[in-house]
Amino acid sequence: MRRRNDGRSLNQLRNIKIKTGIDLTVDGSCIYNQGLTEVICFIRGPRARTQNNLIVIDYSSSPFSNIDAKRNSSFDKEYSMFAENLRESFENLVLLDERGKSEIVVNVCVIQNDGSSKSAVFNAVTIALLDAGVRMRDFLVSVNVGLYQGDIIVDMTNEEQRDAQGDLTISYQQRQCKIDYYELKTLKLNSNEVLWLSELAQQKAEEVYKILRNDILSIKRNEL
Amino acid sequence: MKKFIQEGILVNVRSDGRVNKEIRQKKSTHGYLLYTNGSCKVECETIIYTGITLELQNQPKFSIKIQSIKKSQTDKQKALYLETLLQQLYDLDMKNLWISEKKAFVLNIDVFMLAEINEAYAELIAFSIQNAIQDLKFPEIKVTQNLLTSDEEYELQENKFRKIDLKIPNISVVGQVGLQLVKDLTFDEFFAVEKKYIISKGERLQVRQFEQIFEPFDSDDFLRVVQFI
């Protein structure tokens, strides 16, 4: 079986490690590691609303997250678009008060980007919201798949993402079995390849869901 | 709370059970970040990531930038204060950073912390920077001269590193309550003590009082602090 540069098989996810409750001054927090990709998320709220949106997202990356990391990431168009996507995804999921007078503030930062950082961000926010005890309609997970050197692979590293012919990131609502966010970056893919990527992404999202669910349950059981 | 901490320090008992001279265990992981030339992750009261990236410019220098995931209104002011203070205290010997007559290394030190930026974390930030500098690897650069244009050309030698001794001073913060001095202050202790000194101990010894950097202070206090450290 063909192995990738880091020794994984084509279908293998990297090790996922989560750590919650890292900061007791906020309502929910989480450090999410997927291989060498590290994302930190802090949740404040629900609290009294100060802005128009139900969820306020502050998405950024640290200056040393990647070789191309810029200092002023909040002014970058790609960052602001992704932050908007995050906000929409989670606004559809969270269940706050009926009068709509609450808000949740989400600070999420990519400490180190070794590939699949967008899917790591989605997963980190989900875990942090669970740590904060925010009620949600569904369990949102995310995964990244791609076409690299003719092979369909899962959970790409930074090196693989740079040279991939196709790069698909999805976020998936596990209970309703619906894809919520779908971003495909491609040079040239035929319709079959797009279909295979989408199917593999959904399968792997189920696998990520099981891993995250087991991890968060064991953390919370140990806390009790 | 403030009085509780002060009274404890006076009898050599701190709120976390330590004595006045005792320092906390800090977990530090070197080489944590991939895309840096030197890095460190420090876990103590909060988590601080420090990454150092190198550039080549006409003059050697180093710059410190402090950021936090938590943003507040006084963020920028406090970051600027800490950056300026630490740059003054880190009186690094820049002569070793020259690689040729025209080019030298520039150290960009980025500090990222998970707590709000506050002067109470000055010692922890300094500890993190010190560890990152210890982890720093300077790449070997081959300098040649272009015979046509007589300009210098620089070639990075892969997997080869040069050793540059930067002689980093040790920076610590000492608090004073009455005549008692206390090391390694926690966040609450920092705001509870009557006076706070920041000390840089390297080739030169620098002692400054927080918030009164440009004013002279009592010589007895100075002697007491120097003996304490």
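Below, read A as the first sequence line, B as the second, and so on, with proteins coming before strands; counting in each chain starts at 1.
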- Message: Could you check whether R14(A) pairs with D114(A) (Lys NZ or Arg NE/NH1/NH2 to Asp/Glu carboxylate O, under 4.0 Å)?
- Response: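 Salt bridge between R14(A) and D114(A), a charged N being under 4.0 Å from a carboxylate O: yes.
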- For K19(A) and S29(A), does a side-chain donor sit closer than 3.5 Å to a side-chain acceptor? no
- For N107(A) and R44(A), does a side-chain donor sit closer than 3.5 Å to a side-chain acceptor? yes
- Query: Based on non-hydrogen pairs under 4.5 Å, which of V26(A), T25(A), I111(A), L36(A) is most in contact with chain B?
  - Reply: I111(A)
- Message: Angle between ring planes, Y181(A) versus F122(A), binned at 30° and 60°: parallel, tilted or perpendicular?
- Response: tilted
- Message: For I47(B), which atoms come within 4.5 Å of any heavy atom of chain A: side chain, backbone, both, or neither?
- Response: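 Looking at I47(B), just its side chain touches chain A.
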- Go through T36(B), I69(B), I52(B), T46(B) and name the one with the most non-hydrogen pairs under 4.5 angstrom from chain A. I69(B)
